[in-house]
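Input: a single structure, listed below in structure tokens.
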Amino acid sequence: MEILPAVLVMALGALILGAAIGYVATRFKVEGDPMVEKINALLPQTQCGQCGYPGCKPYAEAIAKDDAAINLCPPGGDEGARRLADLLGREYTPLSAECQKESKAGVALIDEANCIGCTLCIQACPVDAILGAAKQMHTVIAPFCTGCELCLPPCPVDCIEMKAIPQTPENWEWPRPARKVPVSLIKTPVDIPC
Amino acid sequence: MTAYLFLIIGAVLVNNVVLVQILGLCPFMGVSKKLETAFGMSVATTFVLTLATGACFIIEHYLLIPFGLEYLCTLAFIVTIAAVVQLTEMVIARTSPVLQQTLGIYLPLITTNCAVLGVPLINISHHYDFVESLLFGLGSALGFSLVLLLFAGIRERVEAADVPRPFKGSAITMITAGLMSLAFMGFAGLNR
Amino acid sequence: MLKRLRQFFRFPGGIHLAHRKEASSEKAITQLPLPEKLILPLRQSAGATPVPIVKAGDKVKKGQRIAAAEGWISASLHAPTSGTVRDVGDYPVAHPSGLAAPSIVIEADGEDAWGERQPFLEQTATEYARQVFNPERVQHYLQDMGVVGMGGAVFPSHVKLVKAPGIPLETLIVNGAECEPFVTCDDRLMRERADEIISGLIFLTELLGVREALIAIENNKPEAAVAMQNALAARLESVVHHIRVVIIPAIYPAGSLKQLVYMLTGKRAPIGVLPTQLGVQCFNVATIHAIWRAVAHGEPLIRRIVTVTGDVERPGNLEVPLGASIADILRYAGMRGSADGCLVGGPMMGFLLPHGDAPIGKGIHCLIARSPQLFPPEAPESPCIRCTSCAEACPQGLLPYELYWWSRAGDFAKTQRYHIHECIECGCCAYVCPASIPLPQYFRFAKDQLRAAAKNQEMADQARERFEFRQFRIEREKAERAEKLAQAARAQSAKRAVEQAGASSAPPTSEAEAIIAAAVERTRMAHEAETIDPKPEPGNPA
């Protein structure tokens with residue numbers, strides 16, 4: 001009979017605490033997830049969809065809900081995955097195999113001689129970086145182009161190509177100093193025939 | 001007054017909850033990769049540990065002892081701590097977004113932290129009164145924070161160092177923790 | 001004869017270097033024979049690149065503007081000699097990358113004929129006499145004349161004439177420190193053209209209304225100090241009473257802005273604060289000379305004095321037109337066979353020219369033919385033992401060993417916490433490092449990585465904004481289209497209602513009445529539809 005008061009007391013305690021939690025949960029409900037904005041800010045915003053989500057924000061939402069891995073963003077690269085891991089306190093995982101081909105940032109260029117003015121690429125561009133009207137030649141506003149390559153597939157005449165951003169003294173970066181470790185070569189006393 | 005001071009210092013340095021009592025090792029290893037996260041964890045733990053010691057004291061003395069159920073204290077404490085943490089988290093999330101930013105993801109981690117459970121249990125075995133319990137809880141939490149922050153600082157540096165390959169990662173972390181533990185044994189002399 | 005005029009504030013850190021200036025310090029400035037071809041990179045100053053205003057085939061006169069400043073922080077570019085523009089295109093520039101940049105190529109016609117010159121002081125002779133200037137006119141004039149800082153930073157000088165609002169400019173510092181070893185061009189300039197420098201300085205002090213002007217010269221250039229002092233003494237006391245020659249101890253990098261300001265005024269600029277905000281402005285002697293040539297002679301910045309030294313037969317100080325080939329200059333000075341490269345700039349802060357040739361720019365003050373005897377190969381880098389020698393040597397008060405630690409580990413955010421952007425890349429840390437770690441190389445690497453990351457973040461933010469706006473626009477267009485459809489449907493139903501009403505009752509007398517009638521009919525029908533028959537009207541999505 002000793003067990004009865006024990007069960008009763010514990011059950012009562014659990015009930016009270018449960019009720020309190022339930023009350024507070026409804027009383028202090030928070031709307032939205034502030035994490036999404038933070039994750040979104042770390043994504044490269046190319047809106048390329050290579051992660052399998054229609055844009056960076058949906059991918060950020062998926063990460064926040066723990067539905068998606070953090071290593072699916074090729075434009076963000078390894079560095080991006082590392083920063084996401086830092087933010088979320090998750091284990092850093094290198095870019096997944098299918099994303100390994102790190103897309104090199106480039107700028108789309110429309111071959112204006114071949115453009116037929118179909119506006120398909122304008123509709124595909126997620127950042128409104130293509131200018132033009134129906135039956136008029138289109139052109140890419142280079143500073144706004146994120147290099148997402150989304151305009152390539154819709155073009156019926158294949159007149160868009162990606163151009164690498166040229167290196168100039170202004171955007172050139174000092175390389176990481178090569179660390180010269182002192183190594184003394186040992187001379188072999190005899191010639192080894194091979 | 002001096003007795004209280006000794007109690008706190010003893011809890012922080014001499015009987016450090018992590019390095020001497022070997023409690024709360026999971027956050028010590030898990031949340032010490034970056035100084036910022038370690039800081040968030042420290043603040044959260046300090047907050048919860050102090051609160052939990054108080055709550056557990058009340059449960060022990062006003063619920064378990066009157067009913068003669070002291071043998072259930074572990075169970076009761078776990079439930080209490082979990083509930084307290086949950087309640088705090090929800091209240092903070094609503095009332096103070098800034099604090100939520102700092103403590104946010106660490107609070108649920110603490111729910112099952114052995115340091116948080118261990119300290120109230122030690123309190124009981126030492127027969128501390130309410131104020132002593134709170135102070136011991138606070139001291140332990142400060143000790144935890146101190147060690148966690150030190151360790152995180154060291155780990156950040158070790159991360160950037162040329163560690164021989166066999167020692168990379170967990171191995172060097174364990175060695176570092178061991179050395180820190182040795183260093184804290186030096187405080188044992190303060191007891192006298 | 002020259003006594004120390006005031007107390008110095010010794011800046012922390014810094015190093016004592018062998019001066020190595022003997023080779024060229026006694027060689028008078030000579031003119032480089034006019035080259036046949038000049039290549040002028042468009043980007044010759046900090047800020048925006050000027051826009052070329054000539055095209056291939058154009059004839060240009062000496063001093064004619066060939067590229068116009070773009071925006072405020074930018075300076076124009078002029079033809080250093082008369083001739084024909086051969087090309088506007090990409091040519092290798094004197095840059096550590098060795099990359100090509102947009103340049104204008106001028107083939108000299110050998111006449112070296114000046115175009116029309118309009119000296120500022122002639123234009124405003126009366127104003128000068130009355131000592132009233134419009135500072136803005138001076139600023140625009142100097143921008144048109146392409147005058148930039150000639151100490152190496154090539155910051156447009158006219159921008160430095162703009163006073164910080166609310167802060168009185170007290171001290172004007174003339175930087176004649178020339179603290180880098182080997183370099184003697186400012187030394188020679190002060191010795192030989194002291195008078196013009198003083199004229200320029202008087203012009204500037206009157207323009208800026210400063211309380212005092214200090215000409216700072218390191219104590220290893222006594223002749224220059226004497227020359228400047230004599231030039232001062234030749235002037236009316238009332239004009240130059242606030243100008244003083246100050247001899248400062250030769251501690252590298254005493255010629256660096258923050259260090260010089262602190263040394264002379266005791267004002268220490270906190271992180272991110274410009275000396276202008278402390279009421280101090282600083283110009284290089286060569287810059288002041290160029291300003292005077294511009295305002296008094298209408299001569300744009302088209303030539304400069306370059307010290308050519310190192311492993312050459314005839315070291316000296318050459319006055320060369322901008323755009324002259326570095327290889328030609330070295331050949332003229334007789335570069336020896338033992339030389340294995342050319343350092344552009346001083347030995348501490350300069351860089352190795354990646355390929356044999358590049359044109360002289362406005363900021364290049366020294367060319368050193370490098371040889372293994374002069375610059376023994378660096379010892380191999382060994383691990384940092386955290387001896388903190390670098391921290392003691394750092395004139396900026398940074399902790400180079402920490403910066404190195406985090407740069408090497410690739411944790412650039414941490415380097416920012418240790419204020420990597422305060423690093424002036426003076427090289428003191430590497431000079432004292434017992435482990436021979438090339439510290440500034442790591443810092444440049446980290447700075448560039450940070451710059452690239454900031455740029456990417458900026459691009460991402462911009463892309464996000466544009467993407468969000470596009471989403472918003474698409475939503476809005478959808479809503480507008482729906483609204484239009486609804487409107488069309490409403491109009492149709494109203495028309496039908498009017499027709500029905502017209503059939504039953506007398507035709508409405510005016511348009512207003514018709515609308516009211518239609519509205520009444522509509523409400524009635526809606527009521528009916530609600531109560532009797534919930535059949536939706538055709539074409540109405542609502």
Side-chain angles (χ1 to χ4, degrees), chain B residues 27-44 97-106 109 145-184 186, chain C residues 271 378-392 394 398-423 429-430 433-454 457 461 464:
Chain B
F28 180 64
M29 289 291 168
V31 202
S32 55
K33 272 202 185 131
K34 276 176 69 193
L35 208 53
E36 284 111 67
T37 52
F39 181 75
M41 186 68 182
S42 301
V43 177
V98 182
L99 201 60
Q100 164 75 5
Q101 292 268 314
T102 339
L103 308 185
I105 52 171
Y106 307 110
L109 281 177
S145 304
L146 172 74
V147 169
L148 189 65
L149 289 175
L150 284 177
F151 193 52
I154 296 174
R155 272 187 84 175
E156 271 196 351
R157 265 170 194 286
V158 167
E159 198 73 12
D162 285 335
V163 180
R165 195 174 300 158
F167 287 104
K168 266 202 188 321
S170 316
I172 192 76
T173 315
M174 292 290 180
I175 292 169
T176 318
L179 288 174
M180 274 184 78
S181 199
L182 275 178
F184 265 72
Chain C
I271 283 165
E378 292 160 34
E381 180 183 341
S382 54
C384 172
I385 55 164
R386 301 168 74 80
C387 65
T388 69
S389 305
C390 48
E392 279 164 36
C394 181
L398 301 174
L399 301 175
Y401 58 96
E402 290 285 359
L403 290 172
Y404 161 72
W405 186 259
W406 298 116
S407 305
R408 204 169 67 83
D411 193 341
F412 304 117
K414 279 267 176 26
T415 63
Q416 244 173 336
R417 284 234 300 253
Y418 285 97
H419 305 295
I420 192 160
H421 291 296
E422 284 296 298
C423 169
C429 47
C433 181
S436 332
I437 299 169
L439 291 150
Q441 286 185 31
Y442 281 97
F443 304 157
R444 288 188 199 118
F445 160 69
K447 280 182 186 173
D448 278 1
Q449 292 297 315
L450 281 168
R451 190 175 49 121
Q457 189 58 52
D461 288 345
R464 189 177 58 238

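Note that the coordinates shown come from a computational prediction; the quantities given were computed from them, not determined experimentally. Numbers restart at 1 for each chain; the letters A, B, ... are given by sequence-line order, proteins then strands.
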Sequence neighbours excluded, the answer for side chain to side chain contact (heavy atoms under 4.5 Å, CB included) partners of C/Gln449 is A/Glu173, C/Phe412, C/Phe445

Here the gap from C/Asp411 atom CG to B/Glu156 atom CD, rounded to the nearest 0.5 Å, amounts to 7.0 Å

Are more than 12 heavy atoms, taken from residues, nucleotides or ligands other than C/Arg451, located less than 6.0 Å from that residue's CZ atom? yes

By side chain to side chain contact (heavy atoms under 4.5 Å, CB included), C/Gln441 pairs with (sequence neighbours left out) A/Pro177, C/Pro438, C/Arg444

For this session: Answer yes or no: are there more than 12 heavy-atom neighbours, outside B/Lys33 itself, under 6.0 Å from its atom NZ?
Result: no

Among residues 165-172 of chain B, those lying within the under-4.5 Å heavy-atom range of chain C are none

message: Do C/Lys414 and B/Leu35 make a side-chain contact, defined as non-hydrogen atoms from C-beta onward lying under 4.5 Å apart?
response: no

Those residues at least two apart in sequence (or on a different chain) that pass ring pair (Phe, Tyr, Trp, His ring centres under 6.0 Å) with C/Phe443 are none

Scanning both residues in full, the closest heavy-atom pair of C/Trp405 with B/Arg157 reads CZ2-O, 3.3 Å

